[in-house]
Amino acid sequence: MLTGLSPAVRQYLVVTGNYWAFTLTDGALRMLVVLHFHELGYSPLNIALLFLFYELFGVITNLAGGWLGARIGLNRTMNLGLGLQVLALAMLLMPALTVPWVMAAQALSGIAKDLNKMSAKSAIKTLVPEEGSLYKWVAVLTGSKNALKGAGFFLGGALLAWLGFAGAVTAMAAALALVWLLSLVLLKQELGKAKHKPRFRDIFSKSRAINILSAARLFLFGARDVWFVVALPVFLSQTLGWSHGQTGGFLALWVMGYGLVQSLAPRITGKQADGTGATRWAAALTLLPAAMALGLMNGLSPAWVLIGGLLLFGVVFAVNSSLHSYLIVSHASSDGVSLDVGFYYMSNAMGRLIGTLLSGFVFQLAGQGSAGLQACLWISALFLLFTTLISLRLPRRVYF
């Protein structure tokens with residue numbers, strides 16, 4: 001099927017296919033863990049702690065993984081990520097799961113996810129060198145990934161209802177193992193390998209623009225996950241009485257729509273893909289969680305506040321995320337691109353880690369229910385204000 005295409009396009013399709021398959025299982029696994037352990041009676045904070053090592057090891061992996069990709073090639077780091085995810089899924093098939101064991105499996109999954117993500121995003125720079133089309137292809141990869149992550153949320157909820165926890169994990173492990181074997185055969189050797197072996201201290205970016213963008217990314221993703229990861233699905237299930245299928249289906253459709261908007265971001269932002277654009281879109285996003293919190297405080301219907309607010313938040317957040325993803329690939333050095341991309345996604349993972357912990361802790365501390373969700377939304381607005389202020393320092397020029 002791929003023989004009539006150029007080598008670069010063939011490799012782009014293999015990388016994208018790997019990324020899609022991984023993302024589908026990753027989204028499904030997250031929804032499985034949240035819903036299954038909530039069903040077992042775990043508190044929101046305990047559920048958040050299950051993801052602690054997932055996010056923590058994501059921080060470490062992006063730093064070390066970027067260096068590793070530049071030394072041994074992105075093909076090897078991508079295949080390593082796929083293999084580790086299969087192992088992480090297999091760990092969850094133990095008959096008696098304990099919290100430390102699940103946290104260890106999630107740690108392995110976090111390493112796997114960020115190896116795969118860093119490899120895919122870095123490979124774009126080597127496979128699509130033309131600056132004029134880079135924004136478009138980064139947006140397509142990022143948007144399609146999140147659309148499939150949304151499908152994964154739906155898949156996780158559906159598989160939990162259909163096969164149970166163990167059956168769902170078994171099915172995903174078998175499917176991903178097949179993808180891994182195909183990738184070992186099809187993915188090109190030496191993809192993204194640096195001409196000069198980088199030293200480990202080179203993992204820290206020396207670029208002012210990348211450092212500023214990384215700081216903005218940390219607060220951007222912390223602002224999303226502080227209410228989206230634990231507080232929102234538990235609120236929908238516990239307070240609004242939604243079933244697993246309804247919760248998984250709604251969040252799936254949201255993330256899929258969010259991914260679609262991401263892929264269209266170049267058309268939405270036009271040619272203002274610079275610091276000015278990033279600042280304006282971050283400022284617009286800051287208003288939305290604050291408006292949602294005010295709506296809940298004033299007794300508006302929680303269902304309508306969340307549905308309407310999530311739709312608007314998804315559109316504006318998607319543009320922010322896609323614009324950031326383009327800027328990091330554009331700024332990154334062509335030789336050893338994974339070093340810069342890895343450092344940037346380390347900040348992304350740190351934001352998710354902080355947001356995930358706060359999502360469970362604040363939601364539970366504030367009394368769960370509407371009060372807990374309001375508190376999470378106010379923290380989200382504060383984080384987005386930080387993102388906006390940091391973005392003021394980004395370079396003001398058009399990159400294509």
Side-chain angles (χ1 to χ4, degrees), residues 12-13 15-24 26-27 30 113-114 116-125 127-128 133-154 213 216-225 228-229 250-274 277-286 288-289 309-332 341 344-345 347-349 351-352 355 380 384 387 391 399-400:
Y12 176 83
L13 292 176
V15 167
T16 302
N18 286 347
Y19 196 32
W20 284 354
F22 188 100
T23 299
L24 191 63
D26 188 58
R30 177 166 287 255
K113 190 265 291 188
D114 281 294
N116 192 270
K117 180 178 182 178
M118 178 277 300
S119 302
K121 293 293 181 74
S122 300
I124 291 292
K125 182 81 171 184
L127 297 175
V128 188
S133 60
L134 187 60
Y135 190 11
K136 179 184 72 173
W137 288 111
V138 169
V140 168
L141 181 68
T142 304
S144 62
K145 181 269 292 186
N146 282 300
L148 280 169
K149 188 174 183 178
F153 286 166
F154 176 77
L213 189 61
R217 185 77 170 193
L218 185 154
F219 286 107
L220 178 67
F221 273 75
R224 183 197 66 179
D225 286 2
F228 192 79
V229 170
F250 175 71
L251 295 180
L253 290 173
W254 183 86
V255 177
M256 290 170 72
Y258 156 72
L260 176 62
V261 175
Q262 278 188 310
S263 66
L264 298 174
R267 299 183 184 180
I268 297 172
T269 62
K271 292 191 174 183
Q272 196 174 59
D274 64 346
T279 303
R280 289 176 178 174
W281 283 100
L285 187 62
T286 304
L288 296 178
L310 272 168
L311 290 176
L312 291 173
F313 187 91
V315 170
V316 184
F317 185 88
V319 175
N320 274 275
S321 176
S322 195
L323 183 53
H324 276 213
S325 294
Y326 160 68
L327 288 174
I328 180 56
V329 176
S330 177
H331 281 302
V341 173
Y344 170 76
Y345 281 109
S347 297
N348 187 99
R352 292 199 315 266
S380 175
L384 289 169
T387 301
S391 298
Y399 293 97
F400 66 99

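Position 1 is the first residue of the sequence, and the numbers go up from there.
Looking only at side-chain heavy atoms (C-beta outward), Asp26 and Asn116 stay at 4.5 Å or farther from each other. Residues Asn348 and Leu218 fail the side-chain proximity criterion, which asks for heavy atoms closer than 4.5 Å. A heavy-atom distance below 4.5 Å is not found between the side chains of Phe317 and Leu288. Considering only heavy atoms from C-beta on, Phe250 comes within 4.5 Å of Leu310 through its side chain.
Each of Phe313, Tyr258, Trp254 was compared with Phe228 under the ring-ring contact (aromatic ring centres under 6.0 Å, His included) criterion, and only Trp254 meets it.
When all heavy atoms of Leu327 and Ala278 are compared, the closest pair comes out as CD1-CB, 4.5 Å. When every heavy atom of Ala282 is checked against every heavy atom of Asn320, the shortest pair comes out as N-OD1, 3.1 Å.
Atoms OG and CZ, on Ser325 and Arg217 in that order, are 4.0 Å from each other to the nearest 0.5 Å. Interatomic distance, Leu264 CG to Leu260 CG, rounded to the nearest 0.5 Å: 5.0 Å.
Ser380 contributes no side-chain N or O that, together with a main-chain N or O of Arg224, makes up a donor-acceptor pair within less than 3.5 Å. Counting only distance, with no hydrogens or angles, the side chain of Ser322 and the backbone of Gln262 share a donor-acceptor pair below 3.5 Å. Between the side chain of Ser391 and the backbone N or O of Thr387, at least one donor-acceptor pair lies under 3.5 Å.
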